[in-house]
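Before any comments, here is the structure.
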Amino acid sequence: MEESPLAKLLTEVPPQLPLYLTRFAVEAVFTSAYAGQEDREVVRDAFKELNALVKAGFFAWCHMDVRSRATISVTWRDDGFTVNGAGAGLHHNVLVVVLRMILSLHHTPQEARQELIAALGDDAHALPPATVWSEALGALRLTALEGADARAADRADFDSFVLDEEIKLPLGFSETGEGERLIICAQGASPILDKQGLKAVEGKFLGVCNTGGFRSLARLNECPEEAEFFIRSGDQGPELIVDDYRDDRYGLVEFLNAMTKGRNAALVASEAPSS
């Protein structure tokens with residue numbers, strides 16, 4: 001089996017990973033050919049969106065009550081940059097998002113580029129060269145990992161999210177599926193789904209999706225497709241509708257838990273054909 005992009009780039013993987021992190025650093029090392037070509041503003045803005053999601057309750061789970069003090073930031077080095085995370089309990093799946101974003105930020109999807117070339121026609125020659133992750137990134141390193149306690153995560157790689165016992169799914173939520181209309185309501189019509197909660201996380205979540213944080217690295221060359229979220233009135237109370245979401249379903253698990261401030265267990269999910 002061919003190695004994944006992450007497996008090719010990760011040069012330092014700790015033998016044991018904390019279940020919850022209080023501190024981490026992910027170092028991206030540029031190749032000598034790419035050094036000096038980075039767009040620092042794009043990288044900084046992308047991780048600002050992830051920072052907002054973390055503060056809102058992504059990757060919090062049993063540490064939701066202190067989540068507003070968590071931070072994600074970027075510092076620059078001569079040979080690349082470092083994504084720093086800190087907070088009282090960041091679930092280890094946060095590392096998957098950070099690693100995916102670093103790769104996606106340094107790779108031009110072939111599908112998107114071909115569409116742009118076709119749209120520009122004779123002006124396509126003015127496009128800058130495509131960025132390829134293997135030409136831009138020489139290594140990724142996980143450093144400065146500190147755990148909230150002695151518990152360790154059970155994971156063999158960082159290509160996929162881990163659904164461990166910390167993760168709570170809404171009743172009826174399917175871990176797989178792509179593009180179907182997802183209908184979320186609250187058990188007993190509890191008032192935990194509202195437009196204010198949706199607005200607090202929707203924009204930043206879609207931004208991180210577009211940067212590849214919740215997209216499988218097998219889809220690096222595909223065009224981003226933006227989902228639609230809205231609240232409607234249902235027979236049993238407010239319903240959250242998710243249309244055309246095509247990234248990892250785990251992203252929706254984190255989205256719903258942040259939107260409801262840790263009350264995924266009070267939600268019920270069902271599916272219907274997308275309209």
Side-chain angles (χ1 to χ4, degrees), residues 45-72 87 89-91 93-94 97 101 161 163 166-215 224-275:
D45 288 348
F47 284 103
K48 278 185 178 179
E49 291 184 320
L50 181 60
N51 179 59
L53 291 187
V54 166
K55 287 183 177 297
F58 277 61
F59 310 105
W61 303 104
C62 70
H63 295 280
M64 184 66 76
D65 59 333
V66 292
R67 182 34 49 91
S68 63
R69 300 197 295 272
T71 60
I72 304 287
L90 292 160
H91 188 273
N93 276 334
V94 70
V97 166
M101 287 176 66
F161 296 103
L163 285 173
E166 301 298 305
I167 311 302
K168 303 297 185 290
L169 303 181
L171 183 66
F173 187 91
S174 174
E175 299 170 23
T176 59
E178 184 177 288
E180 298 90 346
R181 166 168 282 193
L182 192 64
I183 304 168
I184 308 292
C185 60
Q187 299 182 46
S190 175
I192 60 177
L193 295 172
D194 56 50
K195 292 181 180 179
Q196 183 177 357
L198 174 61
K199 184 179 180 180
V201 294
E202 178 187 10
K204 297 298 189 295
F205 175 64
L206 291 175
V208 170
C209 286
N210 287 336
T211 312
F214 293 106
R215 183 173 301 117
E225 296 177 338
E226 194 160 282
E228 181 182 3
F229 296 79
F230 60 93
I231 299 282
R232 73 180 184 188
S233 296
D235 294 339
Q236 304 299 318
E239 295 176 341
L240 171 67
I241 308 300
V242 182
D243 271 340
D244 297 322
Y245 179 83
R246 301 183 185 277
D247 289 332
D248 282 1
R249 280 292 183 97
Y250 180 82
L252 291 180
V253 175
E254 291 285 357
F255 176 90
L256 292 168
N257 201 56
M259 180 180 169
T260 62
K261 300 303 180 187
R263 291 177 284 182
N264 263 4
L267 298 175
V268 179
S270 59
E271 293 183 0
S274 184
S275 59

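Just so it is clear, the model here is predicted, and its values are computed rather than measured.
- Here the side chains of M259 and L198 are in contact, with some heavy-atom distance below 4.5 Å.
- Scored by the side-chain contact (heavy atoms from CB on, under 4.5 Å) test, L171 finds Q187, V268 as partners (sequence neighbours excluded).
- When all heavy atoms of F58 and G251 are compared, the pair lying nearest together is CE2-O, 4.3 Å.
- Among the candidates L267, L256, I183, D194, the single residue satisfying the side chain to side chain contact (heavy atoms under 4.5 Å, CB included) test with L240 is L256.
- Under the 6.0 Å cut-off for aromatic ring centres, F214 and F255 do not qualify, their centroids lying 6.0 Å or more apart.
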- Start with the C-alpha gap between L53 and V97, add the side-chain angles, then the distance that decides, and say whether side-chain contact (heavy atoms from CB on, under 4.5 Å) holds. CA-CA 11 Å; L53 291 187; V97 166; over 6 Å; no
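- Scanning all heavy atoms of the two residues, the minimum distance from A56 to V201 falls at CB-CG1, 3.7 Å.
- Here CG of D45 is found 13.0 Å from CG of L50. Values are rounded to the nearest 0.5 Å.
- Side-chain contact between I241 and R181: present, with at least one pair of heavy atoms (C-beta onward) separated by less than 4.5 Å.
- N264 contributes a side-chain N or O that, together with a main-chain N or O of V253, makes up a donor-acceptor pair within less than 3.5 Å.
- Judged as a side-chain contact (heavy atoms from CB on, under 4.5 Å), and not counting sequence neighbours, the contacts of E49 are K204, V208, T211.
- Here the side chains of E166 and C62 are in contact, with some heavy-atom distance below 4.5 Å.
- Listed for the R67 side chain is a donor-acceptor partner under 3.5 Å among the backbone atoms of F59.
- Here CG of D244 is found 8.0 Å from CD of E225. Values are rounded to the nearest 0.5 Å.
- Distance CD1/I184 to CD/E271: 9.0 Å, rounded to 0.5 Å.
- To the nearest 0.5 Å, atom CD of residue E202 and atom CD of residue E228 are 8.5 Å apart.
- F205 places a side-chain heavy atom less than 4.5 Å from the side chain of L252.
- Considering only heavy atoms from C-beta on, F229 stays 4.5 Å or farther from K199 through its side chain.
- When all heavy atoms of Y245 and D248 are compared, the closest pair comes out as OH-O, 2.6 Å.
- Expressed to the nearest 0.5 Å, how far CZ of R232 lies from SG of C185 amounts to 10.0 Å.
- Applying the side-chain contact (heavy atoms from CB on, under 4.5 Å) rule to T71 yields the partners N51, K55, A86; only residues at least two apart in sequence or on another chain are considered.
- For the pair L182 and R249, the minimum side-chain heavy-atom distance is below 4.5 Å.
- L193 and T260 get closest at one heavy-atom pair: CD2-CG2, 4.1 Å.
- Contact of the F161 side chain with the I167 side chain is not registered, since no non-hydrogen atoms from C-beta on lie closer than 4.5 Å.
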